[in-house]
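Encoded as structure tokens, the structure appears first; notes follow it.
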Amino acid sequence: MAEAPVTAPEAAAPAADADRVHFTLDGRPATARRGELIISAAERAGVFVPRFCYHPRMSPVGVCRMCLVEVSGPRGATLQPACFVAVEEGAEVVTASAKVKKAQDGVLEFLLVNHPLDCPVCDKGGECPLQDQTLAYGPGESRFTEEKRHFEKPIPISALVLLDRERCIQCARCTRFAEEVAGEALIDFSGRGEMVEVATFPDRPFSSYFSGNTVQICPVGALTATPYRFRARPWDLDQVESTCTTCALGCRVAAQSSGNRLTRLLGIDADPVNQGWLCDKGRFVTESVNGGGEGPADAAHPGPARITEPLVRVGGELVTVSWAEALRVAATGLDQARAGGAAAVGVLGGAQLTNEGAYAWAKLAKGVIGTDSVDAQLGDGLPADLILSLPRATIDEACAARVVVLLTGDVREELPVLFLRLRQSALAGTTSLIELAPTSTSLTSYAAASLPLRPGDAPAVARALVGGDEQVAGPSHPEGPAWSAAALESARALLAGAGPAGQGVVVLVGRASVAEDAAVTAAAVRVLADALPAARFLPTLRRSNVQGALDMGLGPGVLPGRVSLSSGRAWFLEHWGSVPEARGRDAAAMLTSAARGASAGGVATRALIILGADPLADFPDRRLAEAALRAAELVIVVGGHHTEICEHADVVLPAAVAHERAGSTTNIEGRVSRLGHKLVAPGSAWPDWMIAQALAEALGEDLGFASADGVWEEIEQLGSVHRGVTPAVLESAGAHDGVVVPLQPDRARRVAPIDPIATPGVDSVERQGAPPRVGVTEADEWPEAPAAGAAPPPVLAAPAAADPPEVPLPDSYSLRLVSARRLYDGGTAVSGSPSLAPLVPAAVARANPYDLDRLGLVAGDQATVRGERASARLPVAPDRGVPRGVLVVDFNLPGGGLANVAAALIDAGALVNDVRLESL
Amino acid sequence: MAVTDAPRIVTARLHHEDSHTLERFLATGGYDGLRKALAMTPEAVAAEVDAASLLGRGGAGFPAGRKWSMLRKAPVTYLVVNGDESEPATFKDHLLIEGDPHQIVEGTIIAAYAVQASQVFIYVRGEFALGLERMQQAVNDAYDAGAIGNDIFSSGFSVDVVVHPGAGAYICGDETGLLESLEGKRGFPRIKPPYFPAVMGLYGQPTVVNNVETMSNLPWIILHGGAAFAALGAGRSTGTRLFALSGHVRRPGAFEVEMVKTTFRDLIYAPLYGGGIRGGGELKAFIPGGASSPWFGPAELDLALGQDEVQAAGSMLGSGSVVVMDQSTCLVRVAWRITKFFARESCGQCTPCREGSGWLERILYRIEHGSGRAEDLEVLLDVCDNISPGLHWPPEQTTICPLGPSIPPSINSALTMGRDEFLVHIKEGGCPLG
Amino acid sequence: MSHFTPETRTRAQQLVALYPKPRSALIPLCHLAQGEDGWLRPEAMEEIAELVGVTPAEVRGTATFYDMLDIEPAATYRVSICTNVACLLDGALELLAHAEARLGVPIGGATHDGTFALEEAECLADCDFAPCVQVNHRFVRAQTADAFDQLVEDLGAGKLAATIPPHGTLQRVARNRGLVVDPERVAAERAAVARAQAERASAQDAR
Ligand SMILES: Cc1cc2nc3c(=O)[nH]c(=O)nc-3n(C[C@H](O)[C@H](O)[C@H](O)COP(=O)(O)O)c2cc1C
Ligand code: SF4
Ligand code: FES
């Protein structure tokens with residue numbers, strides 16, 4: 001804390017600067033922004049005021065009274081809470097007088113009155129703000145000799161969080177977080193006076209996706225997380241700063257480990273990204289990273305185990321082999337498969353890779369093997385060239401936009417922390433949300449206008465919204481549009497009010513339903529991009545490093561650096577020596593080709609390389625995925641976990657995951673941030689880039705990579721958007737929160753030091769000598785980039801509008817299927833975490849009460865969902881947020897005896913999927 | 001001069017059995033003040049109240065006229081009437097609410113007119129079940145009589161009144177705790193700044209909060225003029241005030257007396273008021289203004305019942321309650337009981353009060369029950385000092401609201417007046433007075 | 001599904017309508033629910049939450065701040081004896097001890113048949129009749145041990161039913177109408193008055 005420079009006294013008499021006020025701090029002149037709280041103005045001036053209840057990301061309440069300082073006022077100098085009182089012009093603030101010291105002593109002694117002295121068995125011991133500040137500011141010993149308040153020792157307030165009420169100091173951080181930040185006041189103070197306690201409502205646990213944050217910000221050990229409880233002492237933990245790879249938002253984390261196990265993840269206050277918060281899935285992914293140890297699932301760890309050794313199928317069984325043997329088998333198989341044309345090889349997945357891994361695999365696939373059939377998305381995203389061509393908004397820009405159009409799935413389910421940020425903006429009244437969605441979502445209640453739509457409607461509503469087409473053509477339902485004319489009117493007015501041509505507008509684009517072809521959303525996006533040339537877009541692709549993978553060329557028709565295959569061919573031909581001639585297949589086409597062989601047209605896909613993915617769980621159409629895997633002559637799986645896909649694998653190559661790897665990832669806004677690398681992957685798992693390098697060698701070629709950093713150097717030189725993002729830039733102090741590509745020379749930002757009281761565990765570990773970030777950086781400019789060589793190819797241009805697909809009308813007995821993604825689903829991150837796995841909900845069939853009434857169904861009834869492909873018995877749930885004529889069965893949830901019931905119903909080849917709901 | 005011939009202003013009607021009914025109210029000049037006020041301009045009404053120098057009767061003694069003038073101009077403003085009376089040994093509002101609810105309604109509408117309030121809330125302590133019924137009945141009847149609602153008495157002025165029940169929490173008497181409670185929340189007092197509800201009050205809108213007795217004075221002031229009111233009493237303390245007298249007096253009760261002209265001695269000893277110490281005993285000490293006020297002894301008996309006079313002597317008139325203790329009283333026990341009250345009623349929001357109140361109570365309990373230790377007295381005072389630095393008067397505070405700093409005065413007083421008593425308790429392992 | 005009866009639900013909605021913001025009705029609604037059920041049942045708290053737009057945890061959290069609201073089943077007669085300073089001086093502790101013996105329950109406890117609960121109260125604002133006793137928040141002025149015994153007997157015999165309704169019933173007089181004043185008209189009137197005031201003030205300044 002002490003590193004910050006003291007603000008220099010203004011040389012001249014204070015100019016009439018409306019935004020700054022001048023005051024004295026402990027006798028020295030200082031300045032503050034108008035309205036700035038004393039506590040933060042003092043901190044910037046190098047004076048740390050002790051505190052408990054204050055948290056920079058929540059509104060101050062001034063209840064703990066630890067931050068009392070003397071402030072001069074009309075009634076002389078009085079004790080005032082520095083966390084609540086703003087600096088006034090001419091104020092005299094004293095933080096270190098005898099009176100202040102006595103008040104601090106007093107508050108600390110008071111806090112210990114009812115606080116048990118069980119530090120030796122408390123998780124917070126060693127990183128506890130109460131413990132630390134008592135040592136630093138306290139009276140030394142307590143004179144309290146009476147009986148303390150007693151409560152039953154820890155009680156669970158959710159499946160993940162335990163509450164020890166005896167330790168609670170009533171700072172209201174957790175309750176404020178729940179209400180103010182998460183918007184779910186499932187915990188609240190109860191009782192009065194000394195007996196005030198945090199409580200849930202009976203049988204309504206604190207089941208928020210964000211509950212772990214309360215554990216992180218609790219300034220004592222009152223809230224503890226079941227997955228971490230008693231696992232470690234802070235002083236035994238090593239820490240690196242890293243990026244969460246659970247979803248594509250890229251929250252910055254402190255990854256803490258001990259004895260090569262990932263022990264804990266804490267959110268770091270990265271201002272442009274997660275501002276200190278994490279979702280529980282990202283936070284508790286530690287369990288799945290650690291895996292079940294060697295071998296298959298065991299009782300203590302029912303989820304998928306880690307893959308630790310290379311495996312090759314011999315006589316129907318996977319057997320452990322050496323890397324050399326596995327690579328030899330893989331190379332031989334690949335050579336056979338591509339004998340009739342490199343297009344016979346398909347590469348599926350890659351969103352779990354690092355940027356470096358993705359680049360190396362793109363180079364291997366496109367430059368060595370020679371196939372462009374590469375797709376990091378599993379039929380659940382949007383076309384790669386569309387995503388890469390959209391003018392892009394940062395998260396900050398989205399949260400500051402006047403209007404945000406939500407053409408996406410439920411943000412809380414897909415990119416949870418982005419929901420927190422958007423909710424704040426909507427609540428602040430500065431941003432109006434216009435939601436275009438097939439079901440009500442967690443943002444619906446904050447939206448200024450909601451336009452519900454049915455599968456197939458998106459292009460029509462987009463046209464109606466931008467007003468180019470007064471004739472709202474073709475909403476694919478006999479009843480006409482699901483949105484109201486009034487909502488459309490107000491949405492139009494909001495859009496018009498934002499600015500000309502979409503200025504001030506950010507559009508969030510993603511897939512609200514995987515039961516609808518991506519072409520539908522893509523068409524709507526093109527309409528908006530065409531009509532609103534000044535609008536920016538933020539893709540809400542969900543899968544961890546999907547943006548990095550696409551940026552590195554892991555998509556059909558694109559090459560690294562956000563360039564198209566055609567415009568980048570010459571450049572990469574020069575540097576790689578070989579580039580595919582023709583555009584390849586996307587995931588659905590690859591699987592179709594593999595399943596149907598030559599009948600699907602072109603050179604049939606014969607070999608599939610699966611990169612850290614499981615199409616059986618993740619691809620919307622399970623039957624197609626199964627058929628493809630069964631039919632493929634060669635299936636090479638590169639991954640970290642033993643999932644079902646391994647049953648189809650001929651070769652399995654163990655890969656490092658999450659925080660076991662060096663390198664970087666790219667989030668949805670294009671922010672490249674570095675992964676911390678402290679853990680060693682289990683067994684003989686390798687980082688992804690190294691597997692690509694080794695496989696290339698087995699194929700008789702050399703990618704030329706010897707380290708992840710080496711890969712990045714090539715990316716910087718060849719990637720059009722990566723130019724200038726040198727290792728020096730990435731390692732510079734201003735890049736603690738990552739760097740958005742393409743690099744904006746003036747965008748370097750000051751990075752705040754970590755506040756030890758706001759993020760307790762992070763600092764304590766930092767003090768052990770593994771500093772993630774220290775002091776305040778003054779870096780406003782990026783380090784000098786080396787002179788650029790030849791100009792790289794131009795990046796993809798904004799898409800043009802195209803004719804939307806013709807969506808047929810459903811018959812009057814059918815409901816149109818929507819399948820949205822949920823945070824807790826059958827994916828590895830959840831199923832691999834014993835703490836999270838029980839939280840996966842069972843699939844239900846949700847429909848408008850009107851449709852259920854017609855069928856005589858009431859909540860909880862079992863009904864048959866009958867599709868073209870399959871049928872399943874599911875309980876029904878009425879939901880007014882679902883338009884009439886629509887049935888929702890969320891994706892990758894168990895139901896009807898299947899692990900992923902929606903995937904059994906969906907035909908990926910159809911534009912939309914219609915099902916019938918039958919009460920029998 | 002023990003009893004002046006000042007008129008009864010707020011208790012004039014109380015001797016009637018049916019003083020709470022609309023019939024009796026109308027038969028005794030009820031709503032005449034309101035009719036007169038409505039014929040005046042709002043400023044003229046406010047000016048009259050300003051001229052009366054009516055000090056708030058809720059405890060802080062802030063001039064009502066000045067409070068109204070601080071009201072921030074906004075399209076929506078509220079008037080909230082504080083009938084939460086829970087200060088120990090204070091029972092004057094209880095009397096007015098049960099005995100003359102229409103007088104409160106009348107005063108309230110006068111005030112609402114003067115400040116042009118958009119809506120009025122009368123917050124009545126939850127434990128006054130009968131009082132709530134009477135207050136609600138009065139409001140219902142006043143609607144029917146045209147004294148509340150649209151176009152009141154054909155004046156063109158309209159306002160709605162809602163009677164709001166408390167639910168048992170002393171801290172909701174504090175005006176900001178009350179506003180929180182009225183918003184449907186825990187009665188956590190609001191942290192300052194903003195300093196006044198007149199700037200930011202109910203739902204963030206400018207709000208006037210006034211006590212029930214303050215309101216009850218308004219009809220008389222309007223009918224007789226502010227000057228007539230100001231002619232009573234002296235200095236800043238004008239008019240009459242209703243004092244709740246309890247403890248070891250012959251005649252405990254609520255007495256309306258002229259301010260300043262009357263002394264504590266008059267109140268306690270005059271036959272018409274307290275009638276002296278019960279059983280002919282001797283006065284040991286008295287609490288002059290509610291549980292939060294520093295205590296007085298026989299030496300202060302001739303102090304005038306005036307706000308500034310009492311303040312200058314190191315205490316306050318506060319809520320207008322006087323508790324008399326004779327020589328048989330154990331000061332340790334009284335200090336303990338008052339501290340226990342604050343510990344039970346601390347809202348629990350801020351650390352020094354939440355933790356300090358319970359700590360102090362535990363120590364005092366030990367001393368009173370025979371387990372005191374020599375070092376306790378020093379700890380008591382220092383813990384008090386950590387709640388209210390310097391232990392001076394008026395108090396400073398490390399807390400959010402004045403409840404915390406209300407704890408030290410009784411402990412400090414008991415220790416100052418009866419340090420020996422504490423020492424005897426500690427030495428003999430118990431209370432010598434049984 | 002509603003826990004409240006249709007009549008109670010209507011009453012509840014009327015109460016909500018009296019306030020500029022629904023949450024203000026939270027405590028009145030708790031009193032209403034307690035009047036129906038004798039205590040705050042979880043179902044009632046959930047319904048109140050729905051009516052005023054907060055979570056059940058917030059209703060419970062708020063209710064538990066207040067002494068009069070019970071989140072556990074309560075006795076028919078809640079006997080409250082004040083022992084605060086004025087009553088203390090007048091023998092409240094002795095009366096309380098007597099009450100414990102007479103009812104056979106400790107402070108804070110209730111008789112097995114659920115008829116009586118005994119609580120030590122803070123000042124009830126009836127100190128001229130100290131020690132002050134309330135039953136179900138109604139003053140009974142039973143200041144002596146004998147008077148207390150008589151009270152218990154009368155309550156047990158149902159003789160006081162007319163003045164002391166069963167616990168939970170706070171108010172037998174209900175608000176008999178909603179808000180009658182049109183807020184927009186008020187705002188317009190207030191604005192006009194403010195304008196007139198400003199004009200008069202500036203006229204005065206000019207003079
Ligand atoms: C802890 C505390 C309790 C209070 N209790 C009451 C009360 O019961 N009744 C009351 O009218 N004022 C009470 N007050 C004073 C109010 O905050 C407020 O000053 C008063 O209602 C204003 O009305 P007035 O100006 O007419 O006196 C209390 C203040 C504090 C700090
Ligand atoms: S001083 Fe006591 S009552 Fe006042 S806010 Fe603090 S804890 Fe609550
Ligand atoms: S009161 Fe300021 S940090 Fe708690």
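Everything numeric in this text was worked out from a predicted model, so none of it was measured. Residue numbers begin at 1 in each chain, while the letters A, B, ... track the order of the sequences.
The OG atom of S246(B) sits 11.0 Å away from the CG atom of D126(C) when rounded to the nearest 0.5 Å.
There is a side-chain donor-acceptor pair under 3.5 Å between R185(C) and S158(B).
For chain B, the nearby part of F139(C) is the side chain; its heavy atoms alone come within less than 4.5 Å. Both the backbone and the side chain of V180(C) come within contact range of chain B, each with at least one heavy atom under 4.5 Å from a heavy atom of that chain. For L124(C), the parts sitting under 4.5 Å from any heavy atom of chain B are the backbone and the side chain alike. When heavy atoms are compared at a cutoff of 4.5 Å, T83(C) approaches chain B by way of both its backbone and its side chain. Using a 4.5 Å cut-off between heavy atoms, Q134(C) touches chain B through its side chain atoms alone. Contacts of A121(C) with chain B are made by backbone atoms alone, with heavy-atom separations under 4.5 Å and no side-chain atom involved. Proximity to chain B (any heavy atom under 4.5 Å) is shown, for P20(C), by both the backbone and the side chain.
The side-chain heavy atoms of R134(B) and V173(C), taken from C-beta on, include no pair separated by under 4.5 Å.
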Test salt bridge (Lys or Arg N to Asp or Glu O under 4.0 Å) applied to K340(B) and E120(C), step by step
CA-CA 12 Å; K340(B) 175 172 166 176; E120(C) 180 181 13; 3.1 Å; yes

Evaluate Y143(B) against R177(C) for side-chain contact (heavy atoms from CB on, under 4.5 Å), listing each step before the verdict.
CA-CA 9 Å; Y143(B) 266 103; R177(C) 64 178 78 208; 3.3 Å; yes

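The existence of a salt bridge linking D90(C) and R278(B) is confirmed by a sub-4.0 Å separation between a basic side-chain nitrogen and an acidic carboxylate oxygen. Remark: K21(C) does not engage E183(B) in a salt bridge, criterion side-chain N to carboxylate O under 4.0 Å. With salt bridges taken as basic N to acidic carboxylate O contacts below 4.0 Å, none links R138(C) and E127(B).
Without hydrogens or angle criteria, N140(B) side chain to A174(C) main chain gives a donor-acceptor distance under 3.5 Å.
Most heavy-atom pairs under 4.5 Å with chain C, from the set R337(B), K92(B), M135(B), E345(B): that is R337(B).
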